[in-house]
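Ligands are counted one by one from 1 in listed order, and the atoms in each one are counted from 1 as well. For this chain, numbers begin at 1 and follow the sequence in order.
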Amino acid sequence: MTSDYSDNHNTRILVADDDPRLMDALVRLLRNAGFDVTGANGGRAALHLLEVRRFDLVMLDLRMPEVSGFDVMDTLASGDHDSAVIVVSGEASFGTVSRALRRGAQDYIKKPFDPDELLTTVHNVLNKRFLEKSHADVQYRLQKSEELHRYIVNSSPDIVFMLDEDGHLCFVNSKVESMLGYRADEVIGRHFRDIVDEQDANRSSYVLKDPGISADNPRTFEVRLKTRGSRRANRHFEITAFPIDHDNWSFLPGGSRHSSYSRARFYGTARDVTERKEAEAFINFQAYHDLLTRLPNRSLFRDRLNLAIAQARRNKQQLAVMFLDLDRFKLVNDTLGHAMGDQLLQAVTQRLESCLRRGDTLSRFGGDEFTLLLPAINGSDDAKLIAKKLIKALKPPFQLGEHEVFVGVSIGIALYPGGGQSLDQLIQNADIAMYHVKARGKDGYSFFTDSMSTDTANRLSLERDLRQALERDELVVHYQPQVSALTGEVVGLEALVRWQHPERGLLFPGEFLQVAEETRLIAELSEKVLAIACKQMNVWLAEGHGNLRLAVNLSPMQVEHPRFVQDLMRQLERHRFPAKHLEIEITENVIMSDLEQISRKLLELSAHGVRIAIDDFGTGYSSLNYLHRLPIHTLKVDQSFVRGIRQGDDGACIVNAIIAMAHGLKLDIVAEGVETDAQLAYLRQLGCHQVQGFFYGRPLPADIISQQLLDRRRMTAAV
Ligand code: C2E
Ligand code: MG
Ligand code: MG
């Protein structure tokens, strides 16, 4: 920067004097010095010129008619002129001079003037004016530059901060307010640690002590920062920090005005990465959890089981793996819709969880299947206790909107090490044990034993074969007589399904019914059985066996179906089968699952004339008080009790009790599984009306039964 304005040609001077002689002299003098000079004859002319042109300097006489030099100065001061003023006046009293200087004149020259002295004064004033202007200019640019940088710093999407040697904040941009809820002046002076979440407190100090960090090699770390005010939980920030490089920033040592910045030793930014962290956390959660129930999923379960097995092996302890499958869940899902199904799963989860301790892992394995890991148990009794608790917890009905639904649970249990050594073995064996519960009639628990090892591959091929069997009509029906204990007359025939398997020969229901239920082929299967049996029965009725009734077994799944009654009646109509010759056999568990629904259905059926029998009576969860509320015609005493007669154990007592009760309720009794004379005699003596069992005949194909019916009729006719 030059210290001189130096260019006279570009310097405009206005000379204002009412004395033309003096004005001319002055104009000439200044022109000779190289200035661009304009003369004004008096104050008014000066004002006029000032209005239209810009002047660097005004040489001003004070005493002028109309408009004085003071008036001109007043005008200069009020407008946006920036001309310097030198007063050239004949008056030199102290009062006048000081008044002129106060009005803004830079200097004062007394007339008559000395030309050299005047030119020196002009130079000095112009020089001073130039210096002032360039200073103002620098000042202005400095201010703009500072505004720009402040704008850049405050508009950063991140918090920008500086720390002193000890980690105290000595600068922070305004983002701290919008992001954390603190005003900048509240945090200045506080330690950085003070705004870091307690759980992350150590992380920050450790990084800043790292000697390896620099502006080129900054450190990045993630911490949670405390927020204040309405903001929700503490947010996650990615902090990048490094020591300030004083070769690039020479603010040190600071002046008093910026004393707090002057202590700055670290520069840092804090970027809000909460969204990213939350997304990561969610993805992580999703990878290991079921979103509907928020339970661990299959993978997490396997992880935990793996750990638990290793631990149990080390500590020579036992552990239990349970496989839980809900009973009747599919029915809810199919009839009430998926939304209700989802609600049910959530409610079930809650109840199951309430039975568990910390450390147990319940997971959703898929669909309506759950797995449960009980690490470190003392023995099978512990597992038994939990299984009972779980079953009990699901017993009360679930309220889904306006519907009340009942679900049960079948639980298979595999204990380590007895019931499996490896992860996959344990899960698979628990699964097998669960299927055994289902096969036995659901809603219960069972421990895996080696004898259960029905291989699963076999099940799959069975399912495939069963579909084919239905298409190729490989199903056949055998009939077992139900005989009057008094007369020996056949009063009924129970239809029992068989499968004439092309390779494996004749299969019994125990070998395929469960698969049929699970794959829901049961509906089709039942329809087939009913069709075959009705057709056959119609033949026998037509042949003159007019008192026979047909007993047909129904699966819980069929009965639970909402259109069960319509479907059954429609089938009877199609086969032109008289309803009063049909007796359906259902188990107690079906009734208990949803008493209200079932009783409505049974009433409807019995109104059509269909008889209803309770099969395997005495083995289920029976509540005797439902019996008189339902339209039941027959109780079928389970084989196990009849077998008890022979062995002379409690079975006999139970049979007594059942028969007595049936008499009280005026129900028919059919004793199943009668194999011996002794059993028959005993039952007869108790007043049991009807019996069924190998003693009278095994279930047999229709043609043989036809023959027997004929033979018997001939026999009775002969008698
Ligand atoms: P259930 O209804 O209790 O049928 C009686 C079972 O006991 C039959 O076995 C029969 O063969 C057997 N049994 C009859 N008398 C004696 C006896 O004196 N001693 C012994 N030890 N057993 C005897 P099956 O045919 O293997 O049927 C088993 C179960 O399969 C039936 O038990 C029934 O619940 C079910 N079932 C059979 N056919 C059908 C069907 O078409 N549909 C449905 N849903 N279930 C069926
Ligand atoms: Mg039966
Ligand atoms: Mg039975």
task = Between Leu525 and ligand 1, find which residue part has any heavy-atom pair under 4.0 Å and reply side chain, backbone, both or neither.
result = neither
remark   = Note: ligand 1 atoms sitting under 4.0 Å from heavy atoms of Pro699 are 11 (O)
remark   = Of all N, O or S atoms in Glu494, the one closest to the Mg ion (ligand 2) is OE2
message = Just to check, does Glu494 reach to within less than 4.0 Å of ligand 1 when the distance is taken from its heavy atoms?
response = yes
ask   = What atoms of ligand 1 come closer than 4.0 angstrom to any heavy atom of Glu585?
value = 2 (O)
inquiry  = Tell me if the aromatic rings of His689 and His663 count as close, with their centers under 6.0 Å from one another.
reply    = yes
remark   = In Arg698, Gln692, Glu494, the residue satisfying side chain to side chain donor-acceptor pair (under 3.5 Å) with Gln480 is Gln692
request  = Tell me, please: is Ser526 in heavy-atom contact with ligand 1, that is, under 4.0 Å?
outcome  = no
inquiry  = Please compare Val477, Ile522, Leu496, Val497 and report which has the shortest non-hydrogen distance to atom 41 (O) of ligand 1.
reply    = Val497
Intermediate values then yes/no, ring-ring contact (aromatic ring centres under 6.0 Å, His included), Phe370 and Phe323 = CA-CA 6 Å; Phe370 297 82; Phe323 205 107; 9.7 Å; no
task = Scan side-chain atoms only and decide if His561 and Asp567 contain a donor-acceptor pair under the 3.5 Å cut-off.
result = no
Interfacing atoms of ligand 1 (cut-off 4.0 Å, heavy-atom, Gln480) = 14 (C), 15 (N)
ask   = How does His478 reach ligand 1, by side chain, by backbone, by both or by neither, if only non-hydrogen atoms under 4.0 Å count?
value = neither
Any donor-acceptor N or O pair under 3.5 Å, side chains Ser484, Glu489 = no
inquiry  = Just to be sure I read this right, does ligand 1 sit under 4.0 Å from the backbone of Ser555, its side chain, both, or neither, counting only heavy atoms?
reply    = both
inquiry  = Which residue is it: Asp616, Asp615, Ile669? I am looking for the one with a side-chain contact (heavy atoms from CB on, under 4.5 Å) to Lys636.
reply    = Asp615
Per-residue contact class, Arg498 against ligand 1 - non-hydrogen pairs under 4.0 Å = side chain
ask   = What do we get for Gln639 next to ligand 1 when only non-hydrogen atoms under 4.0 Å count, side chain, backbone, both or neither?
value = side chain
message = I'd like to check whether Asn553 has a polar contact with ligand 1, where a contact means an N/O of the residue lying under 3.5 Å from an N/O of the ligand.
response = yes
task = Indicate whether the side chain of Gln558 and that of Ser526 have a donor and an acceptor atom separated by less than 3.5 Å.
result = yes
inquiry  = Show the atoms of ligand 1 that are less than 4.0 angstrom away from any heavy atom in Glu675.
reply    = 17 (C), 18 (O), 19 (N), 20 (C), 21 (N)
inquiry  = Restricting to N, O or S atoms, which atom of Asp615 is closest to the Mg ion (ligand 2)?
reply    = OD2
ask   = Of the listed options (Gln692, Glu672, Gln514), which comes nearest to atom 5 (C) of ligand 1 when hydrogens are ignored and any heavy atom counts?
value = Glu672
message = If you count heavy atoms of other groups shown closer than 6.0 angstrom to CZ of Arg600, is the number above 12?
response = yes
key: Side-chain donor-acceptor pair present, Asp638, Ser640, cut-off under 3.5 Å   = yes
query = Do you know which N/O/S atom name in Glu585 is closest to the Mg ion (ligand 2)?
reply = OE1
ask   = Do you see a donor-acceptor pair shorter than 3.5 Å between the side chains of Gln566 and Arg563?
value = no
key: Leu513 neighbourhood, listing ligand 1 atoms whose heavy-atom distance to it stays under 4.0 Å   = 30 (O), 35 (C), 36 (N), 45 (N), 46 (C)
ask   = Should you measure from each heavy atom of Val674, which atoms of ligand 1 turn up under 4.0 Å away?
value = 18 (O)
inquiry  = Within this structure, what is the NZ-CZ distance for the pair Lys392 and Arg351, rounded to the nearest 0.5 Å?
reply    = 12.5 Å
task = Enumerate the residue pairs fulfilling ring-ring contact (aromatic ring centres under 6.0 Å, His included) with a member in residues 515-541, sequence neighbours excluded, ordered by first and then second residue.
result = Tyr479-Trp540
message = Below the 3.5 angstrom mark, is there an N/O of Asp616, backbone or side chain, next to an N/O of ligand 1?
response = yes
